[in-house]
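Heads up: the structure comes next, in structure tokens.
What you see is a predicted model, and the numbers here were worked out from it, not measured in a lab. A, B, ... follow the sequence lines: proteins, then strands. Residue 1 opens every chain.
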2 protein chains.
Amino acid sequence: MKLINQLSKETGIPIGTIRFYEKTGLFNGEKKEEVKTNNYVYYGDDVVDKLRFIQMAKAVGFTLAEIKEVVDAWYKKQISKKAKIEVLDKKLLQIDEKIKELKAVKKQIAICKFNIQNEDL
Amino acid sequence: MKLINQLSKETGIPIGTIRFYEKTGLFNGEKKEEVKTNNYVYYGDDVVDKLRFIQMAKAVGFTLAEIKEVVDAWYKKQISKKAKIEVLDKKLLQIDEKIKELKAVKKQIAICKFNIQNEDL
DNA sequence: AACAAGTATGAAGTATACTATATAGTTCGT
DNA sequence: ACGAACTATATAGTATACTTCATACTTGTT
């Protein structure tokens, strides 16, 4: 079990941001019953996984709300199996859409580059 | 030449947002010299292209500042040919990175889906 | 014991990207 | 000429995602 500082070091995400994510409901740490002198929060390896997932998903334009949907489908017990699969399938479609758009942007930029290279002909 | 309303209709981007983009320096319209009764701004087809590009680039997680870099390389005369190509090559690399990340996210979600489907075995 | 470093909490501040509001002038159809 | 619809400008407000600050307690090292 890890403290927040170690979590930050393993993922490169600032402590403040990790706290913000936790407050947003993207994951929870646990207070250890046996420790009574402080109220430090401990995090499991699942939290590291989630943080890495959040990093990737954010980099490609998903909002924290969208990421939360996936993470909830991923771990929350309250949600039905069918509902979880539905959320994930929806995200998979969105990702394919984004890949398509990235390829379109790439094509645009390639055309633009070609034009610049040949502009004084 | 188009007025802002037509621009909005062709792209689906709200007028307020288009004005905001113009103020941000993503493109400029032109005032017509010959028209003296008003100060309406007219936009060419290049602006429609730019707006469509902005839509796509935003959808895949580029910020307006990053998009401005590309658009400046695309059209600004002040910037040297070499500098333009450099900017575009950097963006192309970023896009490949994003595609890689999207594929990683997709894999994560697929694993997650598999786990949910088999969770009560 | 002292003190740097780590942790928790709450609240305020910042950056980005809009979105809405108010005001005022213009154009167009009838 | 009237009114609806369109345009410009400036300013304020909102949502998202942090980031900083202030306060206070805890842990580990010397």
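Of the candidates A:Tyr75, A:Phe27, A:Trp74, A:Trp74 is the only one forming a ring-ring contact (aromatic ring centres under 6.0 Å, His included) with A:Phe53.
No side-chain heavy atom of B:Asp89 sits less than 4.5 Å from a side-chain heavy atom of B:Leu93. Residues B:Asp72 and B:Gln78 form no side-chain contact, since every pair of their non-hydrogen atoms from C-beta on lies 4.5 Å or further apart. You'll find the side chain of B:Lys90 reaches within 4.5 Å of the side chain of B:Gln94, heavy atoms only.
One interatomic measurement links the two molecules: CD1 of B:Ile18 to P of D:dC6, which rounds to 14 Å at whole-angstrom precision. When rounded to the nearest whole Å, the span between CG of A:Asn5 and P of D:dT27 equals 16 Å. Rounded to whole Å, atom P of D:dT7 lies 8 Å from atom CZ of B:Arg19. In this structure, NZ of A:Lys68 is placed 14 Å from P of D:dT16, rounded to the nearest angstrom. Look at CD1 on A:Ile13: it is 15 Å from C1' on D:dT19, rounded to the nearest Å. As rounded to whole Å, 8 Å separates atom C1' of D:dC6 from atom CG of B:Leu3. Rounded to an integer number of Å, the gap from CD1 of B:Ile15 to C1' of D:dA8 is 11 Å. Between the CG atom of B:Leu7 and the P atom of D:dC6 there is a distance of 15 Å, given to the nearest Å.
A donor atom on one side chain and an acceptor atom on the other are found under 3.5 Å apart for A:Glu22 and A:Tyr43.
Taking a 4.0 Å limit (strictly below) on heavy-atom distances, residues 41-67 of chain B reaches DNA chain C at B:Lys58, B:Thr63, B:Leu64. A heavy atom closer than 4.0 Å to some atom of DNA chain C occurs in A:Lys31, these being the qualifying members of residues 22-31 of chain A.
Residue B:Thr17 has its side chain nearest to C:dT19 when only D:dT7, C:dT19, D:dC18 are considered.
A salt bridge links B:Glu69 with B:Lys91; the closest basic N to acidic carboxylate O contact falls under 4.0 Å.
In this structure, A:Lys68 forms no cation-pi arrangement with A:Phe62, as its terminal cationic atom is not both closer than 6.0 Å to the ring centre and no more than 45° off the ring axis.
Between A:Met1 and A:Glu30, the closest heavy-atom pair is CE-OE1, 3.4 Å. In this structure, B:Ala104 and A:Met56 approach most closely via the heavy-atom pair CB-SD, 3.6 Å. Considering all non-hydrogen atoms of both residues, A:Glu66 and A:Gly61 come closest at OE1-O, 4.1 Å. Of all heavy-atom pairs between B:Ala73 and A:Ile116, the closest is O-CD1, 3.3 Å.
Listed pair A:Tyr21 / D:dC18 meets the phosphate criterion, a side-chain N or O lying under 4.0 Å from OP1 or OP2.
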*How does protein reach along nucleotides 24-30 of chain C, written 5' to 3' as B (base within reach of a heavy atom under 4.0 Å), S (only sugar-phosphate), or - (no contact)?*
-BBS---
